[in-house]
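Keep in mind it's a predicted model, so treat the numbers as computed, not measured.
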There are 2 protein chains.
Amino acid sequence: MEQSVSTTKEALLFAAGELFAEHGVEGTSIRAIAEKCQANIAAVNYHFGTKENLYHVLIRRVLEKTRCRRAEALMKRKQDWAHDPLKCAEALYGIVEEHIHQYFTGTHPRWYGRLFMRILLQPTPAIGEIMSELVMRDFDSLKEVLRCCRPGMSREESELWADSLIGQLTHYIFAEDFLLMVPGRRSYDEAFQRDILHHVSRVLIRGLELPMPAFLMERKSNA
Amino acid sequence: MEQSVSTTKEALLFAAGELFAEHGVEGTSIRAIAEKCQANIAAVNYHFGTKENLYHVLIRRVLEKTRCRRAEALMKRKQDWAHDPLKCAEALYGIVEEHIHQYFTGTHPRWYGRLFMRILLQPTPAIGEIMSELVMRDFDSLKEVLRCCRPGMSREESELWADSLIGQLTHYIFAEDFLLMVPGRRSYDEAFQRDILHHVSRVLIRGLELPMPAFLMERKSNA
DNA sequence: GCTTGATTCAAGTGTTTGTTTGAATCTCGA
DNA sequence: TCGAGATTCAAACAAACACTTGAATCAAGC
């Protein structure tokens, strides 16, 4: 965390991240950013030139820090698990676990996920280049892992499976504010995060017709 | 379509919808809205009072027009299918089909889905009331249908399954711009929409351990 | 203690924002 | 043909916007 370079610069990035995630780039003024971290209004232009450039610096950092490398790591020791359906299922569980870890269980500030959703919703061409460099590689690795889980799977099928995994998880991030205003919905506590992890893993494992690991077996008469 | 009341009013709503969906409310000026439909700038304030009110009128209309009533309809003739696992599977397929129909295959303008995603991402308290009135009822019906598919399912489990269904589908809407800039991704044509429909249905049916309807059986050696 | 470069600050730039205003125009029944 | 209500229009409003400026302040090496 090389913060010693300039503490205001880091403070601006953090404050901007929180505000961009909550209200969007257009909905956030540089005055609001500066006030949030008790900096001068001119500090934004001094450190980043323009508001847009601040945004680009910010999302590059967020995308670098939130890469999901589990799938890539798995592909490097493919021979250890790819032949064994049960280990494939466990590999899937590990990937889902890592994604949930990134955005829910405190590895990163809570607003990282929401900012990531905003980038997905409205990726400018400039952002597109950063994405292709960082995010798409992780996505390709994920598709490779999924192809190992079901030999003979086509490229198009693996994309559908990757979409299923990502879609089920991102849903909780980008619709969080809506879901939490539904009466009776569970809060995003540890128990809920664990239930999401188990549920999504089971959906994928059963969908890919893999054997269910023992620790994911459902206990009967739980209600 | 009582458009004869005021054609400019309708034109403003449509133009605003397209722009809000693309650039967000904060990222859209009333000048841009007026220019898009060749209306005067003051027309927005004449017909809607404020920009925020225009937004509220718009989202109320969008949410009213895009309700997914299939689940509610299914629950009204529950005795016709709920006892038969195969018919449960077909009911699920019908619900997924309706959702895809709403946002992909031309029932509504293309920007409806994207605007819906923006509402989910950032629901103001005022919007929350509209949501609870319209959207949450559909969501409750969906959960009821899912509970029928697996007798003994708890309320919490049915919520997880509903999230899985919604999450997999909304993913294609809110991440559309990103997904389409991934090299080699399929465009959102009819073939892709059908593949999404079949894939998501299969994932849910296998996940809920229901029998697979004949028309969803996968043909081997398709690659 | 002085110099130099980096950083902060208050005040200002011009532009764009949402909104208002009052006159002009349109619509249509009497 | 007239008049009244609905709608449109160009012009203007203050406030907020991103960004700039030049002086003040700071930290550190000599």
Side-chain angles (χ1 to χ4, degrees), chain A residues 1-61 115 118-119 122-127, chain B residues 1-61 115 118-119 122-127:
Chain A
M1 307 262 189
E2 66 289 359
Q3 277 201 352
S4 57
V5 178
S6 171
T7 175
T8 5
K9 192 173 179 180
E10 294 303 313
L12 283 170
L13 276 170
F14 197 88
E18 269 192 272
L19 291 170
F20 287 167
E22 192 64 20
H23 308 106
V25 181
E26 320 262 12
T28 305
S29 67
I30 59 171
R31 274 171 186 79
I33 298 169
E35 275 174 27
K36 193 175 179 72
C37 59
Q38 281 135 12
N40 191 274
I41 319 152
V44 172
N45 287 278
Y46 174 74
H47 285 289
F48 302 98
T50 65
K51 180 185 172 185
E52 196 188 17
N53 189 245
L54 162 61
Y55 182 50
H56 285 158
V57 171
L58 179 67
I59 62 175
R60 173 170 283 276
R61 176 172 302 197
L115 187 62
R118 286 201 182 268
I119 299 167
Q122 211 169 343
T124 64
I127 296 173
Chain B
M1 308 262 188
E2 66 289 358
Q3 278 202 351
S4 56
V5 177
S6 171
T7 173
T8 11
K9 192 173 180 180
E10 295 301 315
L12 283 171
L13 277 169
F14 197 88
E18 269 193 272
L19 291 170
F20 287 167
E22 193 63 21
H23 307 106
V25 181
E26 321 262 13
T28 306
S29 68
I30 59 168
R31 276 172 182 79
I33 299 169
E35 274 172 29
K36 194 176 176 73
C37 58
Q38 280 135 10
N40 192 274
I41 317 152
V44 172
N45 287 276
Y46 174 75
H47 286 289
F48 301 99
T50 65
K51 181 187 174 185
E52 196 188 17
N53 189 246
L54 162 61
Y55 182 50
H56 284 158
V57 171
L58 179 66
I59 63 174
R60 174 170 282 277
R61 175 172 303 195
L115 187 61
R118 287 203 180 266
I119 299 167
Q122 209 170 345
T124 65
I127 296 174

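- Note that Lys36(B) lies outside the cation-pi zone of Phe14(B), set by a 6.0 Å cut-off to the ring centre and a 45° limit from the axis.
- Per the geometry, CD belonging to Glu26(A) stands 19 Å off P belonging to dA16(D), to the nearest Å.
- When distances are taken from the side chain of Arg31(A) to each of dC19(D), dT19(C), dA10(C), the shortest belongs to dC19(D).
- As a whole-Å value, the separation of Glu52(B) CD from dT17(C) P is 18 Å.
- Asn40(B) places its CG atom 13 Å from the C1' atom of dA23(C), with the value rounded to the nearest Å.
- At whole-Å resolution of the value, CD in Gln38(B) and C1' in dT8(D) are 14 Å apart.
- Among the nucleotides dC19(D), dC17(D), dT7(C), the one closest to the side chain of Thr50(A) is dC19(D).
- Listed nucleotides: dG18(C), dC9(D), dT8(C). Nearest to the side chain of Tyr46(A): dT8(C).
- The side chain of Lys51(B) sits closest to dT19(C) out of dT19(C), dT21(C), dC9(C).
- Inter-residue side-chain proximity for Phe20(A) and Ile59(A) is flagged as unmet; no heavy-atom pair is nearer than 4.5 Å.
- For the pair Ser29(A) and dA16(D), the criterion of a side-chain N or O lying under 4.0 Å from OP1 or OP2 is not met.
- Glu22(A) and Arg118(A) are not joined by a salt bridge, as no carboxylate oxygen comes within less than 4.0 angstrom of a charged side-chain nitrogen.
- If you measure from atom NZ of Lys9(A) to atom C1' of dT7(C), you get 12 Å, rounded to the nearest angstrom.
- Within the nucleic acid shown, Ala43(B) has no heavy atom closer than 4.0 Å to any nucleic acid atom.
- Here the straight-line distance linking atom CG of Asn45(A) with atom NZ of Lys51(A) works out to 11.0 Å at 0.5 Å rounding.
- The Ile30(B) side chain lies nearest to dT19(C) when the options are dT19(C), dT8(C), dT8(D).
- In this entry the distance linking CG of Asn45(B) with P of dC13(D) reads 17 Å, nearest Å.
- The distance from atom CZ of Phe48(B) to atom P of dG18(C) is 15 Å, rounded to the nearest whole Å.
- Checking the phosphate oxygens (OP1, OP2) of dT8(D), a side-chain nitrogen or oxygen of His47(B) falls inside 4.0 Å.
- The shortest distance between side-chain heavy atoms of Thr50(B) and Leu54(B) does not fall below 4.5 Å.
- One atom, CD of Glu35(B), and another, P of dT16(C), lie 12 Å apart when rounded to the nearest Å.
- Residue Ile41(B) places its side chain closer to dT19(C) than to any other of dC9(C), dA10(D), dT19(C).
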